[in-house]
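These notes concern the structure reproduced below.
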Protein chains: 2
Amino acid sequence: MANHDALPLVILTEQFAKLPGIGMRSAARLAYHVMSMRTEDVEEFAQALLNAKKTVHYCQCCENLTDKPLCPICDDPGREKSVICVVESPKDIAAFERSGEYHGVYHVLHGLISPLQNVMPDDLKIRSLLARVQNGGVSEVIMATNPTVEGDATAAYISQLLKPLGVTVTRLAFGLPVGGMLEYADEVTLHMAMENRNEM
Amino acid sequence: MANHDALPLVILTEQFAKLPGIGMRSAARLAYHVMSMRTEDVEEFAQALLNAKKTVHYCQCCENLTDKPLCPICDDPGREKSVICVVESPKDIAAFERSGEYHGVYHVLHGLISPLQNVMPDDLKIRSLLARVQNGGVSEVIMATNPTVEGDATAAYISQLLKPLGVTVTRLAFGLPVGGMLEYADEVTLHMAMENRNEM
């Protein structure tokens with residue numbers, strides 16, 4: 001937005017532009033759109049922002065986002081409490097739940113260890129994961145962080161802490177995506193697919 | 001978002017998804033992002049929304065968005081008040097102002113005539129445009145609506161109303177975009193470029 005725009009519009013544009021994946025041009029378009037919304041709808045939007053931030057917190061058990069003491073997955077008696085799938089963020093849970101194949105529970109780290117970005121193990125929800133395993137009843141912990149440098153390092157670090165507690169620690173399998181084409185696969189994926197090959 | 005998500009998060013996601021160009025997947029990502037923002041920053045965002053909607057209204061003269069009685073362009077004594085450029089929406093003004101070549105003033109219609117979408121001439125800011133011209137001092141009105149069916153029809157309709165008032169009505173030139181390549185131009189643009197050709 002240029003200097004001929006009204007100041008409250010410029011401020012709103014800057015707020016939109018702070019959101020991930022929204023540049024200045026899109027932010028200006030969104031701010032103009034808000035001007036064309038009905039006042040009640042803008043109030044509803046603002047209320048939804050404040051309300052979500054105020055009422056949503058971390059699940060007492062798995063650190064997923066919820067507005068109850070326990071999230072619906074931890075609260076579900078049908079889920080297998082002996083298997084914990086450790087993920088980086090709540091949106092990874094959504095991905096597993098869409099597949100509908102996993103019936104265990106989760107643990108959300110809320111980040112990955114990254115010394116370069118000044119994220120240390122103490123900044124993640126690792127202590128509550130150790131406490132869950134120490135409380136007993138857990139047979140397997142699946143490290144489901146992304147196959148990046150930080151994801152692998154975090155999985156390795158946590159695995160070192162868990163093994164002395166007598167629990168099986170596994171890592172997701174990495175290889176060719178199903179339906180993917182060999183010629184489009186990157187070298188690291190191909191290497192992993194070759195290394196982890198199975199007998200037919 | 002699936003049914004394992006906290007209700008206030010689902011509501012916030014739906015609010016984001018109502019914005020233009022934001023699908024359900026992006027909306028969920030934005031809602032998760034809001035959860036990771038500081039409470040003060042979320043409050044600032046909500047306040048910016050409410051404040052922009054409350055304080056920004058239409059300029060008394062040109063119907064542009066402003067938080068003062070007159071927008072900065074109408075209020076600028078350096079702008080030529082005898083030339084009015086008629087645009088569909090406030091964001092079109094930003095496009096002209098970026099070019100820095102236009103020194104007249106504007107008039108924002110806030111839409112285009114579109115019987116299919118039930119937008120009639122009375123829904124647009126046409127009466128205030130006629131009033132400006134009737135008050136005198138205007139020598140030229142430039143119809144700068146987009147070269148679409150609705151844009152052309154709206155320009156033609158308003159031009160019929162303006163001509164009896166003794167003002168020159170012009171339309172933006174349409175042709176090949178500068179720096180564009182002939183082979184990538186669509187047929188309508190090529191046709192317009194041919195039709196409006198100039199002697200060298």
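Just so it is clear: chains get the letters A, B, ... in the order the sequence lines come, proteins before strands, and each one is counted from 1.
Residue A/Asn118 qualifies as open at atom CG: its count of foreign heavy atoms under 6.0 Å is 12 or below. The environment of CD in A/Gln117 is sparse: at most 12 heavy-atom neighbours from other residues, nucleotides or ligands sit within 6.0 Å.
B/Ile93 and B/Leu70 are members of different hydrophobic clusters when ILVMFWY side chains are connected at heavy-atom separations under 4.5 Å. A/Leu130 is connected to A/Val87 through a chain of hydrophobic side-chain contacts under 4.5 Å among Ile, Leu, Val, Met, Phe, Trp and Tyr, so both are in one cluster. Hydrophobic clustering, with ILVMFWY side chains joined whenever heavy atoms are under 4.5 angstrom apart, groups A/Leu129 together with A/Tyr106. Under a hydrophobic clustering in which Ile, Leu, Val, Met, Phe, Trp and Tyr are joined whenever their side-chain heavy atoms come within less than 4.5 Å, directly or via other members, A/Ile142 and A/Leu112 fall into different clusters. Hydrophobic cluster membership is shared by A/Leu124 and A/Leu165, with clusters built from Ile, Leu, Val, Met, Phe, Trp and Tyr side chains linked at under 4.5 angstrom.
A distance-only check finds a donor-acceptor pair linking the side chain of B/Lys53 to the backbone of A/Met37 [under 3.5 Å].
Both the backbone and the side chain of A/Thr39 come within less than 4.5 Å of a heavy atom in chain B. Looking at B/Arg25, only its side chain comes within 4.5 Å of chain A, counting heavy atoms on both sides. In this structure, no portion of A/Asp76 lies under 4.5 Å from any heavy atom of chain B. Proximity to chain A is absent for every atom of B/Lys68, based on heavy atoms less than 4.5 angstrom apart. When heavy atoms are compared at a cutoff of 4.5 Å, A/Glu44 approaches chain B by way of both its backbone and its side chain. Contact annotation for A/Lys54: neither backbone nor side-chain heavy atoms come within less than 4.5 Å of a heavy atom of chain B.
In this structure, the ring pair (Phe, Tyr, Trp, His ring centres under 6.0 Å) partners of A/Tyr58, at least two apart in sequence or on a different chain, are A/His110.
Ranked by heavy-atom pairs shorter than 4.5 Å toward chain A, the options B/Ile11, B/Leu50, B/Ile22, B/Asn51 are led by B/Leu50.
The line from CG of B/Leu49 to CZ of A/Phe16 is 5.0 Å long, rounded to the nearest 0.5 Å. For the atom pair NZ of B/Lys91 and CE of A/Met35, the computed distance is 12.5 Å after rounding to the nearest 0.5 Å. Note that CG of A/Leu12 and CD of B/Gln47 are 11.5 Å apart. Values are rounded to the nearest 0.5 Å.
Heavy-atom minimum distance, A/Pro8 versus B/Thr55: CG-OG1, 3.2 Å.
Tested against B/Tyr32, the residues A/Ser89, A/Pro90, A/Pro20 include a single side chain to side chain contact (heavy atoms under 4.5 Å, CB included) partner, A/Pro90.
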